[in-house]
Each structure stands twice: as structure tokens, then as C-alpha cells.
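Here it is: the structure, laid out below.
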Amino acid sequence: MRIDDLKVRPGQPVAPAWDKLLDFLRRFKLVAGPGVSLSQTPDGTFIAVEPVRAAFDHPFRVTAALTEARITKGTIEGIVPTIGSDPIDADHPPQLKLNGGPGKNGRSYVALQVRTTMGGLDPETKGVAEIVHVQTIARTANEIGLQPLAVLKWTQGIPTAFQIVYHNLGHYYVIQTETRGSRHLFYAV
Amino acid sequence: MGVLAYPQGEWQHPWTAACSYDNTQLCWTAKIKPGFVGGLDPSVSVVGEFAPPETLERLGHTPISARSLRLDAHLTEGPRMALNLWRAIGADGAAGVSTTGEPSYDPVPPALIALGASPPPTSSLPINQAPPPATAQDSGRKRFVRATELVIFQRRIATRTQWTFGQGIDETAAQFDVFYEPAGDERPTIRAERKPTLPPPDDPIATFLGAAQDTGVDRIPLATIYAISPPLYEADEMPGPDWQIHVRYYLFWNLFRDINVAPRLDESDGLGIPRGLGLGVADVSINNLAARINDTNDQLQEFLNANKAEAKYWSV
């Protein structure tokens, strides 16, 4: 842009030159790419660059793309969960569709959903352990437990995964009593 | 404009604190890799003008409008936490008192002593004759050490106790009630403490008298951050940009928790003091009750334990 483009003579409208100036300034806006964060302060902008770190292929590692997520193999009580009807350790591992996008707070969860039978997990039961995408961690029935594996934070339609579970899991079902509802306790094994 | 590139390294566990000296805030700061408690990433309190853009956007602020505010930034927003509460340990550390009445000092980790840190003085003198803190002149080329504690706090349902005096409906003259207060915002917070502050031990009599109440806040130590000076530093200086940082972690994985009670919040559980114990309404005072309740201490302890809200945390 030439400086002369911004000059306005008496009687000429100011708005076109002003718009050109704004367009010019927008070209200098700092945009944070992957691994970069910006801290804008009244005294200036601070750019922090985080390097790509070595990967740790732990169980249940969630990697989110635009509309799908990949989950590495993990087990709960020795059972390999499924996505839909396909186990996550299949030769062609299934990917989880991130249907529904984020919840009202801009977050959603990749979660492990278990279904108990007589208080335990029966490997023969269909859908005993399934990985699902949910907007809130809320149980729909006593026998169903939900353990978030990762939080997805959505910015401009793009999810970023923050891992919660790093281990294979055990599960303990606490039955309902007169004073308390039932609970599903998930723990690292 | 400032640029900070964190050192390249291996995989980092949740709660890893990347410490750097902030030339704007003129102090060391910690950026903590997001960890989660019950699926929630804790918040840290930051000065508005240094808050991450995502925090400002969530709270509807701009760097200028937030300049004089303190804001709660979630860990997933990438805040840098200012570390301003340091204590001296080692050669110039303040002496405490041990149970035997002798001065006691915060231990210096062996790894820092191997780097040249000055260990605490060794003395069997009583506290009023403890040796004065070291100075740069008498420290030779030793290095001084400062420490600060990072602690996670999380609210939970709290146990409250209350006395009611009067003619009870079932021939009771005084009623001791336990009730529960809702937790409010359960999002954990991370705060820096100069020294570890341990909660006071349970005292059933104090609880019974209403002198001690459950704080309703759980405290989980996260890490101790040590700063070690270059050699020949003045003893009273706080960590500057040329100091080195070492972190000792107590937490490596994300956490979930369960609370032992889940009462209806509008109900209380009461321990009635019947007339049969001789507690007439007219002469009832709490101190009087306390003296008399000694005989039923076991019953009281059992009652309080059964109604006390406690959280247990485990990793996933």
C-alpha cells in the first residue's frame, strides 16, 4: 500500500481511505498456529512457541481431527471397547465421528461408556464398553457409566484434544442404597 | 513484542510446570500442562493484563479493560502463573521448632546440595540460640535456595454442625445437628503458597462445640518449585532471571474423586441429648455440655465420623 492512497483532500470522503488503512493493519495481525500461543498485553504481544514433543503411545490416546477422532487401544477390565460395533484394535481401527460438535461451553468429550450386567462388565454383552462422543458427562441409566477419556475444546469449529485417561482402566460398580445413588468408579490399572 | 520458545524435550505428564522468567512481570512464572480433576481443568488467578486471550474472550474483557483485575484462567487456556511467594531454605532459611524443642529447618533436596546449594545449619542449640542465617560473606561460593508450593484446592460438600436448644419434640432438651453445605463451584484452583499449610487435625470436641468447622475444601499438593541462585549471591534476594529452577512433583496423572456421603442438602442428621442425661434447658450451656459429653466421647466420635464429608482422589 502506498501512503498516498491514504491522503484525503478537503471535501473528499474519509471512509475509503480509512478502510484501506484497516485492511493494511489487518495484514499485520498475529495469528497463532499450532503450538503457538499469543498473550496480548497493553504493553505488547508475547509469543510463546512450544515444540512438538515426543509422543507417548499410552492407552486410550485421543487424537482429534476436524470431524473424527482416533483412539489408541486401551482396555477396561481386560475388555477392548468398540466404536459402533468395531473393536478399537481392529486391523483397520474405526474412527469416532464427532457428531454434534461442542456443548454449550464450547467443550465436548470423547468418553468410554460401559453397561453393567448384574453389577459387572460381561464381555459377551453387546455394547458392554463403547467409545462415544458426548456434549456432557451425564448418565442416562443406573447401569450405564461414562468415563471421559479426553476433553475436546472447540475453537472456530476445530477441536483440540486434552487427554484425561493415560492408563488401561478398572471398573467398580457401587450399587444404589437408600441414601445414595449407584456409582461407576473407573481407576488406572 | 516478546518471543519465548520452551526447551524441546521428552513427553510431559499432566501438571508439568514449565518455568520461565517474565521480564514484564519481573518474576518467575509457571505454565502448567493442563491436568484434570474429575474432568475439570483447574483455574489459576492471573493479573488481567497478562491473562491469555482465550480467558479474556471467555470473560468478555480486553487487555485494557482487564488491566486492574484478577481473572481466573483455566489451565487449557495456557495461563502463566506468577510465582511471588518464595521462602528461603538451606543456609539462610528460617528455623522452625521441632517436637523436641530444637530448631528445625526445611530440608534441601540432595540434588540441589550436589549442585552447590548450602545445606541448613546443623545445630543442637535450642531455638532461642539458633545460629543466625548465613550471609554472602560467610557462604563462600555456596548457592542459596528458595522454594514455593503449588497446591490444588477443590471445593466439596461441607459438613456443618449446629446446636439447637429447647423442648424437643421427642423429650430432648438439646439437639446437635449435622447438616451439609453445597460445594458451589467445584472447578479446582491452583495456588502458590509460601509454605505448605496443613489442615488442623480433627478434634471431635471442638467440632462438637462448634469451634471447628469443616472448611469444605480439599487440598492436593501438586509440586514444590525450587530456585537455586548463582554462587556468591546476597542471601536475602528473591529469585531473578539468572537463578535455576528445579521442580519436585507430587502429582503425575489426572485425578477423579468420590465423596463418601451424598446426603440431601435440605436434611440434617441429629444427635439428640435426652433429658435422661440431666441436661435441663435452664442450665444448658455449651461448655457444660462439653464436660458432660466426655462420657459419651466414643458415641460422639462415631456419630461425627459417620456424618463427616470426605473426598478420596485417585488417578486415571
Side-chain angles (χ1 to χ4, degrees), chain A residues 30 32 35-60 105-107 109 111-112 136-137 146-153 155 160-170 172 174 176-177 179-181 183-189, chain B residues 1-14 18 20 22-25 31 33-41 46-54 56-58 62-64 66-67 74-80 252-256 258-264 312 314-316:
Chain A
L30 295 172
V36 178
S37 65
L38 303 176
S39 298
Q40 290 168 319
T41 75
D43 300 318
T45 301
F46 205 89
I47 304 171
V49 183
E50 301 206 38
V52 176
R53 294 197 172 269
F56 167 31
D57 284 329
H58 55 81
F60 294 120
N105 57 358
R107 297 183 177 209
Y109 300 87
L112 176 62
T136 57
I137 298 295
L146 271 179
Q147 168 65 40
L149 301 176
V151 178
L152 302 182
K153 280 189 74 172
T155 308
T160 304
F162 291 92
Q163 191 70 33
I164 293 179
V165 170
Y166 286 89
H167 303 88
N168 290 320
L169 294 173
Y172 183 70
V174 185
Q176 183 172 350
T177 65
T179 54
R180 294 200 68 167
R183 285 167 291 156
H184 293 259
L185 307 181
F186 299 83
Y187 53 91
V189 293
Chain B
M1 186 180 298
V3 178
L4 172 70
Y6 292 104
Q8 194 149 11
E10 297 179 344
W11 177 82
Q12 293 179 324
H13 60 77
S20 58
D22 187 328
N23 285 308
T24 313
Q25 300 189 61
K31 184 175 181 185
K33 179 176 175 180
F36 293 86
V37 183
L40 291 171
D41 49 324
V46 293
V47 177
E49 65 180 300
F50 303 117
E54 205 177 324
L56 295 173
E57 186 179 336
R58 175 172 55 81
T62 65
I64 292 174
R67 191 167 197 155
H74 301 166
L75 281 193
T76 53
E77 294 167 344
R80 296 167 72 211
F252 297 89
W253 305 110
N254 294 318
L255 298 173
F256 271 77
D258 189 41
I259 299 171
N260 63 332
V261 294
R264 283 176 51 184
K312 294 214 182 306
W314 67 89
S315 54
V316 288

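All values derive from a computational prediction rather than experimental measurement. Every chain is numbered from 1, with letters handed out A, B, ... down the list of sequences.
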Heavy-atom distances under 4.5 Å only: say whether B:Glu77 touches chain A with side chain, backbone, both or neither. both
Between B:Asp41 and A:Arg107, does any NZ, NE, NH1 or NH2 come within less than 4.0 Å of an OD or OE carboxylate oxygen? yes
Do the non-hydrogen side-chain atoms of B:Leu75 and B:Phe36 ever get within less than 4.5 Å of each other? no
Counting only heavy atoms closer than 4.5 Å, note whether A:Ile137 contacts chain B via side chain, backbone, both or neither. neither
Between A:Phe162, A:Tyr187, A:Phe186, which has the largest tally of heavy atom pairs under 4.5 Å with chain B?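 Highest number of pairs under 4.5 Å: A:Phe162.
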Side chain, backbone, both or neither: which part of A:Val165 has a heavy atom under 4.5 Å from chain B?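 Both backbone and side chain of A:Val165 come within 4.5 Å of chain B.
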For A:Gln147, is it the side chain, the backbone, both or neither that has a heavy atom under 4.5 Å from a heavy atom of chain B? side chain
Do the non-hydrogen side-chain atoms of B:Ser20 and B:Arg80 ever get within less than 4.5 Å of each other?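 They are in contact (side-chain heavy atoms under 4.5 Å apart), so the answer is yes.
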Do B:Phe256 and A:Ile164 have side chains that approach each other closer than 4.5 Å (heavy atoms only, starting at C-beta)?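 In contact.
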For A:Leu169 and A:Leu112, work out which heavy atoms get closest and say how close.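 Scanning both residues completely, I find the closest heavy atoms to be CD1-CD2, 3.9 Å.
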